[in-house]
Amino acid sequence: MSNGELLSIDPQELQFPFELKKQISCSMQLTNKTNNYVAFKVKTTNPKKYCVRPNTGVVLPHSTCDVIVTMQAQKEAPPDMQCKDKFLLQSAVASPGATTKDITPEMFNKESGNQVEECKLRVSYVPPPQPPSPVREGSEEGSSPRASVSDNGNVNTSEFNADVSRAYVESHENSSETRAIISKLTEEKNSAIQQNCKLHQEVELLRSEGNRSRGGISFIYVVLIGLLGMLLGYLLKKT
């Protein structure tokens, strides 16, 4: 942070997460700790490359103002990812109640005897943020959720609660699948039992019909023997 008499600037180096063919923005905060209205103006060595909003303004006493710096999409990366662009922030005391419309170029002219502060800001490129990994380190399939501990010894309960919720959902889905499999097996078992009973009844029916057919042959055989006996007896009496 640059602590001037009029404005404090944070940060003093503009860092852009560089990506090709993508518009990138970063911000800086201006803090007025005085009892005066402070006007500011932002300049850059490469105005075609950057867009500053607002590039001029007034910071009220004991208040802050955020300035957004946007770098236009770049077609190629600079050598060694080094940037030589610079920004200059000028600040000067404004009259009480002043607004952006009241700012004039003469306010930042030191030759006119005005109190003008200047702060140079460097520009640097940093690697873009990496996307989160789909599988976090230390997590394995089937492992139970556990709370992570930060460097200061505090337990990260948000990650632990997320792991518990995920484990509950997975166990609930697994239990639903298990119940469906058990229900299907039970239906197949009942169907097999019914088919077994039906086959058993058909076997008993065939067995009873066989017994009746064997019993009918024996009765006819007895009747024939009886008739033959009576015929032999009649012939013997006749002779």
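One is the number of the first residue; the rest follow in order along the sequence.
There is no side-chain donor-acceptor pair under 3.5 Å between Thr44 and Asn46. Side chains of Gln72 and Gln23: a donor-acceptor N/O pair is present below 3.5 angstrom, by distance only. No donor-acceptor contact under 3.5 angstrom links the side chains of Glu117 and Gln115, judged on distance only. The closest side-chain donor-acceptor pair between Thr31 and Ser8, if any, does not fall under 3.5 angstrom.
Other residues, nucleotides and ligands place no more than 12 heavy atoms under 6.0 Å from the CD atom of Glu5. The 12-atom threshold is not exceeded at CG of Asp80, counting heavy atoms of other residues, nucleotides or ligands nearer than 6.0 Å. Within 6.0 Å of the NZ atom in Lys49, the count of heavy atoms belonging to other residues, nucleotides or ligands exceeds 12.
Pro54 and Val67 make their closest contact through O-CG1, 3.6 Å (heavy atoms, listed as atom of the first residue, atom of the second, distance). Here the closest heavy-atom approach between residue Ala94 and residue Met107 is recorded as CB-CE, 3.9 Å. A pairwise comparison of heavy atoms in Leu7 and Ser91 identifies CD1-CB, 3.7 Å as the closest pair. The nearest pair of heavy atoms linking Pro127 to Pro17 is O-CB, 4.1 Å. Considering every non-hydrogen atom in both Met28 and Ile9, the closest pair reads SD-CG2, 4.3 Å.
Every residue two or more places apart in sequence or in another chain that forms a ring-ring contact (aromatic ring centres under 6.0 Å, His included) with Phe87 is listed here: Tyr50.
Judged by distance alone, with hydrogens and angles left aside, the side-chain atoms of Ser112 form no donor-acceptor pair with the main-chain N or O of Asn114 at under 3.5 Å. For Asn32 (side chain) and Thr34 (main-chain N/O), a donor-acceptor pair under 3.5 Å exists by modelled atom type. With Asp102 contributing its side chain and Thr99 its backbone, the two residues share a donor-acceptor pair below 3.5 Å.
Residues Ser124 and Cys83 have side chains not in contact (no heavy-atom distance under 4.5 Å, counting atoms from C-beta outward). Taking the side chain as every heavy atom from C-beta outward, Met71 and Ser25 never approach each other to under 4.5 Å. Using a 4.5 Å heavy-atom cutoff, the side chains of Val69 and Phe16 are in contact. Taking the side chain as every heavy atom from C-beta outward, Leu88 and Gln90 approach each other to under 4.5 Å. Tyr37 has its side chain out of reach of Ser95: every pair of non-hydrogen atoms, C-beta onward, lies at least 4.5 Å apart.
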- Task: Might you work through the side-chain contact (heavy atoms from CB on, under 4.5 Å) test for Asn55 and Lys43, ending with a clear yes or no?
- Result: CA-CA 8 Å; Asn55 61 344; Lys43 297 181 179 180; over 6 Å; no
- Item | side-chain contact (heavy atoms from CB on, under 4.5 Å) assessment of Glu13 paired with Arg122 | CA-CA 5 Å; Glu13 182 180 71; Arg122 297 176 54 192; 3.9 Å; yes
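How far CD1 of Ile68 is from OG of Ser27: 4.5 Å, rounded to the nearest 0.5 Å. Note that CZ of Arg53 and CG of Asp66 are 15.5 Å apart. Values are rounded to the nearest 0.5 Å. Taken to the nearest 0.5 Å, the SG atom of Cys65 stands 9.0 Å off from the CD atom of Gln29.
Hydrophobic clustering (ILVMFWY, side-chain heavy atoms < 4.5 Å, transitive): Val59 and Phe108 are in distinct clusters. Under the 4.5 Å side-chain contact rule for hydrophobic residues, Val58 and Leu6 do not share a cluster. Residues Leu14 and Ile24 fall within the same hydrophobic cluster, defined by Ile, Leu, Val, Met, Phe, Trp and Tyr side chains chained together at heavy-atom separations under 4.5 Å. Note on Val42: it clusters hydrophobically with Val93, by side-chain heavy-atom contacts below 4.5 Å among ILVMFWY residues. Both Leu121 and Phe18 belong to a single network of hydrophobic side chains, linked directly or stepwise wherever heavy atoms of I, L, V, M, F, W or Y lie under 4.5 Å apart.
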